[in-house]
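Values below: all heavy atoms of this structure, side chains included; hydrogens, waters and symmetry mates excluded.
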Amino acid sequence: MALPGSLRRQPANRGLVSHCTHHHIVVFLLTFFSYSLLHASRKTFSNVKVSISSQWTPSCLNSTAPELRPYELWNSSHLFPNAEEATLFLGTLDTIFLFSYAVGLFVSGIVGDRLNLRWVLSFGMCSSALVVFFFGTLTEWLHFYNKWFYCCLWVVNGLLQSTGWPCVVAVMGNWFGKAGRGFVFGLWSACASVGNILGAFLASCVLRYGYEYAFLVTASVQFAGGVIVFFGLLTSPKEVGLPELGADEDDSVEEDANRPLMGDDDADDDDRNYSVQATDTDNQPKAIGFFQACCLPGVVLYSLAYACLKLVNYSFFFWLPFYLSNNFGWKEAEADQLSIWYDVGGIIGGTIQGLISDVLQKRAPVLAISLLFAVGSLFGYSRSPNSKPINAVIMAITGFFIGGPSNMISSAISADLGRQDLVRGSSEALATVTGIVDGTGSIGAAVGQYLVSLIQENLGWMWVFYFFILMTSSTILFISPLIVREIKLLLYERRLRMLAE
């Protein structure tokens, strides 16, 4: 008994291996490192907060400040009476950045679907680099210190940085199809973690000369990356005469994120042809509207789920070194180095879970299993003993089960949602959908930073972890309709295969 084309198990790496060209490799690397550079500039700000706080506080309360500096020159940078208020303002800048970043994601996705993705990405990278230069380097060189000016610059930086993720996901979605998308995007989504490591490395190399040089180096590298992206990035296969993914793939490979996202279910495998084809400018797809994108199946559910999950993931990003120092009394440098294991776990988790979702051709069940283990790992990590090796192991496991699903939703699943049948062939929605999912997630992350500090101050760290467990459970709850639907579909396919044998 022959199975329908839609129920045949497609090899996860078949399309990936057969269609991979040097253009795919270049696109993978350019998008990977472009977003890594954007994340590196964010990490640089986190790494120099101690130096900035020292510069903004009086020398009588700051033992690290040089005492021979003229009083007039020192007084010009005296923004706060003590280090606590300076640290509070730096935390406020984090919140300002996240909210402006979240708002910008909604706008950037829409803009990216209407303009050339390469232009939008390179503009965002170069402009953000200039803002970072003004914020950390030029103001220090000119001895100009103003709280409102810093706030305005960081709002603009958040808006400009928001152009990155929707554009790079859209470009990757144009080049890499459903066959192997979970594995490819799982590996590619490590770009944020690599950017964190790169930012810490660049800042540590020049921080002894002054925090302004950390911003200068990061901004220079990011600006150079934006120029390279402008001249070297290909946003779609049709730019080099290759067929678009929708033209030859979607009729034969089953959609894996959501049943309504299925390709043409009755279509059989077609012969793949990689001959050069001319671009038909008359059939250029039109961009989809914001509310139309929100109404696409799965978009709202995954957006709400990602708001809860990104809250937990970003809380580890912002608070993990502080938690290690505050709770265990470890040195700040040791806590910074140890926190890298969370990113390592996320990189491995995103890659392995993406590969498993390719084999199953379903995303939601893989997410559900990982998040259930994440609840257990959070409970275990909250009771980690005062031992660095044990803490690092549990931290990596926690990153595996939290960072992995977070990477999958923000990359592979966003690409799945933006290339479903309801919009394919008539409109473009990839960048818009990515902006909606990641924008909603960033709003959750921004709110979470305030809630974490509030809970920690009033109830302690144990209740912070209970809050993380609640948010992780809420993530499962939001995608539960998709989980049930895909599990039923898997069981149905299994019964058909057993009848066919």
Side-chain angles (χ1 to χ4, degrees), residues 1 3-13 177-183 185-186 250 252-266 296-309 312 349-378 400-422 433 437 469-501:
M1 177 180 177
L3 286 173
S6 64
L7 297 180
R8 296 177 194 158
R9 180 70 67 196
Q10 303 290 342
N13 61 349
K178 292 187 293 290
R181 178 180 287 165
F183 172 75
F185 274 73
D250 295 327
S252 60
V253 181
E254 182 180 12
E255 187 64 57
D256 39 23
N258 188 356
R259 179 60 180 172
L261 307 187
M262 286 287 197
D264 295 331
D265 289 342
D266 296 329
L296 293 175
V299 171
V300 172
L301 292 177
Y302 273 120
S303 297
L304 295 175
Y306 192 50
C308 299
L309 188 58
V312 179
T351 304
I352 294 179
Q353 292 169 34
L355 180 60
I356 295 174
S357 70
D358 283 338
V359 174
L360 294 178
Q361 298 184 0
K362 301 289 180 292
R363 311 281 192 217
V366 179
L367 289 178
I369 295 174
S370 179
L371 292 172
L372 286 174
F373 280 107
V375 171
S377 66
L378 284 169
F400 183 96
F401 291 121
I402 293 178
S406 179
N407 291 342
M408 194 187 303
I409 293 177
S410 63
S411 57
I413 290 178
S414 294
D416 291 341
L417 295 172
R419 295 190 65 88
Q420 51 185 297
D421 286 340
L422 293 178
V433 168
V437 174
I469 291 174
L470 175 62
M471 290 296 100
T472 304
S473 302
S474 299
T475 304
I476 302 175
L477 180 64
F478 280 123
I479 63 173
S480 57
L482 307 177
I483 297 171
V484 173
R485 181 184 302 166
E486 293 189 7
I487 291 178
K488 288 182 177 179
L489 182 60
L490 282 173
L491 295 176
Y492 173 70
E493 292 176 359
R494 182 182 178 184
R495 287 196 298 269
L496 287 182
R497 290 189 180 91
M498 291 177 63
L499 293 174
E501 291 178 352

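- Rounding to the nearest 0.5 Å gives a distance of 9.5 Å between OG of S480 and CD1 of I476.
- Between M471 and C308 the shortest heavy-atom distance is O-CB, 3.4 Å.
- Contact detail for F401 and S370: the closest heavy-atom pair is O-OG, 3.1 Å.
- Note that the CE atom of M408 and the OG1 atom of T351 stand 9.5 Å from one another [nearest 0.5 Å].
- When all heavy atoms are compared, the tightest approach of I352 to F400 is CD1-CE1, 4.0 Å.
- When atom types are taken as modelled, the side chain of S406 and the backbone of G403 share no donor-acceptor pair closer than 3.5 angstrom.
- With values rounded to the nearest 0.5 angstrom, S474 atom OG is found 11.5 Å from I479 atom CD1.
- Nearest heavy atom pair, residue E486 against residue P365, reads OE1-CD, 3.0 Å.
- Atoms CD1 and CG, on I483 and L367 in that order, are 7.5 Å from each other to the nearest 0.5 Å.
- The only member of T475, L309, L482 that meets side chain to side chain contact (heavy atoms under 4.5 Å, CB included) when paired with Y302 is L482.
- What you find for L371 and T472 is that their closest heavy atoms are O-CG2, 3.7 Å.
- Here the shortest heavy-atom pairing between G404 and Q353 reads C-OE1, 3.8 Å.
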